[in-house]
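Let me give you the structure first, and then I'll get to my questions.
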Amino acid sequence: MPTRILIPSGVLCLGFDHIALARGVANRPDLIAIDGGSTDSGPASLGAGQSKYARSVTKSEWRELMLARAEAGVPLVIGTAGTCGADACVDWMYEITVEIAAELGQSLRIARLYSGQPTARVAKAMQEGRIRRLFPAPEISAETLAQMTNIVALAGAEQIQAAINTGADIIIAGRTTDTAIIAALPLLRGDHAGGAWHGAKVAECGALCSTNPTSGVIQVDFDESGFTIEPLAEGAQCTPHSVSAHMLYENSDPFILYEPGGHLDVTKTRYQALDARRVRATGSEWVPGRYTVKLEGARHAGYQTTLISVLRDAHYVANAQTWADKLHGFLDALISKRMGIASDSYDLDFRLIGINSALGAMENRQGSPVEVGVLLIITAETQALASEIGKLANPHMLHYPLTENEELPTFAFPYSPAQSDRGALYEFGLNHVMELDDPMSAFRLEVTEVPA
Amino acid sequence: MTKAAEIAHKIRSKNAGPFWVTVDVFCGTPAAYTRLTTDLTTETVAALYHQPSQSLKRFEIPDLHVIKFSFPRPVVQGNRKDRDMHGAQWATLLAELDL
């Protein structure tokens, strides 16, 4: 059965074209799907179980989508709610939804899909040989699993289908694959499987697959042999090139995409321009495989304090690396002398902004910058210790001389106090998949009736 | 000397998940594609990113005039020693490569 999915944008909080959204609703979609996050911005969101986006923006955009849902009379699905899809983020999104529902006087059935994995479940799966490494994967053990503050599994189409089958008006899903929220309904209705996953992959970043990437709104029609994609903003176009090129994006292999229960292969896909704005794709293949879900986990990796000192004096700019190296040695000695702690209980990392701070050892260009920003990143086991080292480093980041017999230099501190406590540092600790006999065995569905 | 960016239409890089970086070279024309597939050897690109050649995945997509390189991140995204959270500045090394 042909299925029409409306995708308002690549991620909630990125904004969308309001007129295009209204056009999408008028086109009578079968479901509205939007992504709520990914690992794009790093491990902090998953580590802390918090959204990286502002609550105000989340609420304001979600309200618009809830109004669009009410008008269309179809389910609204958000995947990877609250950036990382941890259970706490699903609850955060649920709280916002209930708040808006009360303000709008909407009565709703809300399904929450939880993707959080208790350490014990993953440890048991490891004992049973159901955890497989992807490449490259960090070593894991029961001990390292216990260090994770959050572990999530990426839900696929099956778990979203289970949520759809509850008859929910709104589905707030924890971590899912970016594609699953779009592919679930077409697959449920028997549309072409290769087309469902491929169309979902192309549309998951919203209008990024079109000539007007910031306009957001995309509509995909799925059917028995493929999909047709159309951007809804005025003047935006999808071309065979823009659509086929999207498989390259944030994907290490441009032809293959792994999902729970198999993989998509677009090697033989044919792309056809239906007109100036619509593209049809056929021939994408879905290759069934073992039912595995990818795991993501983040663990505490200490606490950080940072300082920035700006060198403008030409002599110091020319010798910035030497200055930082000497200062590093000086601070190590001072920390040992004054604080009496071993050098392996903290880390000092100097980044020379203007020299090689983005690329480090890979940098192969040299220039003559006007000034150099010296960013000192201190990592230690506790915030108190990192902060104490920051205070110890402070006067030397300001005054450390290149030579002994010169007048004390004073560099530029951009603010006072010069040191900033960054809080906890998190690291990704899993690049593994977990095999499941029953797709729902690692996920939990909760359905709530919210009266107006 | 000509830089790769002067021949290609666009060169971009981005993480492909926290453990990989991928670099896409959009050549733009068949002529640029022919030239760049020849000049951007696996060894040259691997050396640029301090990778062993066997770690570098190379894809040539003639229909799109695209060459794509993917390799494991030497530092996992967001780890203490990471310098570019999104891996998007890595493209500059390839863009500035003298051919």
Side-chain angles (χ1 to χ4, degrees), chain A residues 38-47 134-138 154 240-256 258 267 269-271 294 296-298 301-302 304 347 349 351 353 356-365 375 377-379 425-431, chain B residues 3 9-10 12-28 46-51 55-98:
Chain A
S38 74
T39 56
D40 275 6
S41 35
S45 173
L46 183 61
L134 300 175
F135 178 79
L154 278 71
H241 186 278
S242 75
V243 171
S244 57
H246 195 71
M247 273 300 285
L248 297 164
Y249 189 66
E250 293 179 345
N251 201 9
S252 63
D253 186 319
F255 302 111
I256 305 289
Y258 285 92
T267 316
T269 303
R270 291 173 306 281
Y271 302 89
K294 195 175 176 210
E296 288 169 355
Q304 295 191 317
D347 180 75
D349 193 0
R351 308 281 175 92
I353 301 168
N356 63 0
S357 71
L359 296 172
M362 290 188 301
E363 182 55 74
N364 56 19
R365 266 185 71 187
L375 169 64
I377 305 175
I378 300 159
T379 310
L425 173 73
Y426 296 96
E427 286 179 350
F428 284 119
L430 284 169
N431 193 23
Chain B
K3 295 196 181 300
H9 168 66
K10 185 183 174 184
R12 71 179 184 193
S13 64
K14 195 88 191 278
N15 295 339
F19 296 85
W20 287 78
V21 167
T22 189
V23 187
D24 298 331
V25 181
F26 291 86
C27 300
L48 202 56
Y49 291 107
H50 297 199
Q51 291 284 321
S55 296
L56 193 84
K57 287 199 209 173
R58 178 193 182 96
F59 301 94
E60 295 183 4
I61 311 160
D63 290 352
L64 293 172
H65 306 130
V66 164
I67 316 165
K68 183 178 182 73
F69 302 96
S70 301
F71 47 91
R73 268 176 153 267
V75 176
V76 176
Q77 180 199 13
N79 276 20
R80 199 175 71 199
K81 296 294 178 188
D82 188 20
R83 288 168 173 262
D84 180 1
M85 197 59 57
H86 299 81
Q89 290 299 305
W90 293 44
T92 56
L93 286 174
L94 198 58
E96 293 173 359
L97 184 70
D98 284 320

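Convention: sequence-line order gives letters A, B, ...; per-chain numbering from 1.
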May I ask you to name which of B:Leu93, B:Val66, B:Thr22 has the most heavy-atom pairs under 4.5 Å with chain A? B:Leu93
Could you check if a side-chain atom of B:Asp84 sits within less than 4.5 angstrom of a side-chain atom of A:Met362, using non-hydrogen atoms only? no
In terms of heavy-atom proximity below 4.5 Å to chain A, should B:Leu64 be classed as side chain, backbone, both, or neither? both
Under a 4.5 Å heavy-atom cut-off, does chain B meet the side chain of A:Asp347, its backbone, both or neither? side chain
Between A:Glu250 and B:Asn15, is there a side-chain heavy-atom distance shorter than 4.5 Å? no
Which bit of B:Arg73 is near chain A, if near means a heavy-atom gap under 4.5 Å: side chain, backbone, both or neither? neither
Using 30° and 60° as the class limits, which term best fits the ring planes of B:Trp20 and A:Phe135: parallel, tilted or perpendicular? perpendicular
Please classify the contact of B:Thr92 with chain A as side chain, backbone, both or neither, using a heavy-atom distance under 4.5 Å. side chain
Against chain B, work out which of A:Ala301, A:Ser244, A:Pro240 has the most heavy-atom pairs shorter than 4.5 Å and name it. A:Ser244
Using a cut-off of 6.0 Å, state whether more than 12 heavy atoms not belonging to B:His50 lie near its atom NE2. yes
Side chain, backbone, both or neither of B:Asp63 within contact of chain A (heavy atoms, under 4.5 Å): neither
To the nearest 0.5 Å, what is the distance between CG (A:Leu375) and CZ (B:Arg83)? 9.5 Å
Chain B interface, residue from A:Ser357, A:Ala245, A:Ala361 that has the most non-hydrogen pairs under 4.5 Å: A:Ser357
Walk me through it: do B:Phe19 and A:Leu134 pass the test side-chain contact (heavy atoms from CB on, under 4.5 Å)? CA-CA 10 Å; B:Phe19 296 85; A:Leu134 300 175; over 6 Å; no
Of all heavy-atom pairs linking A:Phe255 and B:Ile61, the shortest is CZ-CG1, 3.8 Å
Can you say whether A:Ser38 sits under 4.5 Å from chain B via the side chain, the backbone, both, or neither, judging by heavy atoms? neither
Mind checking the NZ-OG1 spacing from B:Lys81 to A:Thr379? Nearest 0.5 Å is all I need. 7.0 Å
Under 4.5 Å from a heavy atom of chain A, the part of B:Asp24 involved: side chain
Before giving the answer on side-chain contact (heavy atoms from CB on, under 4.5 Å), spell out for A:Asn431 and B:Val76 the whole-Å C-alpha distance, their side-chain angles and the decisive distance to 0.1 Å. CA-CA 11 Å; A:Asn431 193 23; B:Val76 176; over 6 Å; no
Test B:Lys57 against A:Asp253 for salt bridge (charged side-chain N to carboxylate O under 4.0 Å, His left out), laying out the working first. CA-CA 8 Å; B:Lys57 287 199 209 173; A:Asp253 186 319; 5.0 Å; no
B:Pro72, B:Gly87, B:Pro18: which one forms the most heavy-atom pairs within less than 4.5 Å of chain A? B:Pro18
Close side-chain approach of B:Phe26 to A:Leu248, heavy-atom, < 4.5 Å: yes
Please find the pair of heavy atoms, one from B:Met85 and one from A:Pro43, that lie closest to each other, and give the distance. SD-CD, 4.4 Å
Looking only at heavy atoms, the pair that brings A:Tyr249 and B:Lys14 closest together is OH-NZ, 3.0 Å
Contact part of A:Leu430 toward chain B, heavy-atom cut-off under 4.5 Å: side chain, backbone, both or neither? backbone
Greater than 12 external heavy atoms within 6.0 Å of B:Lys10's NZ: no
Are any of the side-chain heavy atoms of A:Asp40 and B:Gln77 separated by less than 4.5 Å? no
Please examine the side chains of B:Lys68 and A:Ser252, heavy atoms only from C-beta on, and report whether any two atoms are closer than 4.5 Å. no
Please walk me through it: do A:Leu425 and B:Arg80 pass side-chain contact (heavy atoms from CB on, under 4.5 Å)? CA-CA 8 Å; A:Leu425 173 73; B:Arg80 199 175 71 199; 4.0 Å; yes
Please classify the contact between A:Glu296 and chain B as side chain, backbone, both or neither, with a heavy-atom cut-off of under 4.5 Å. neither
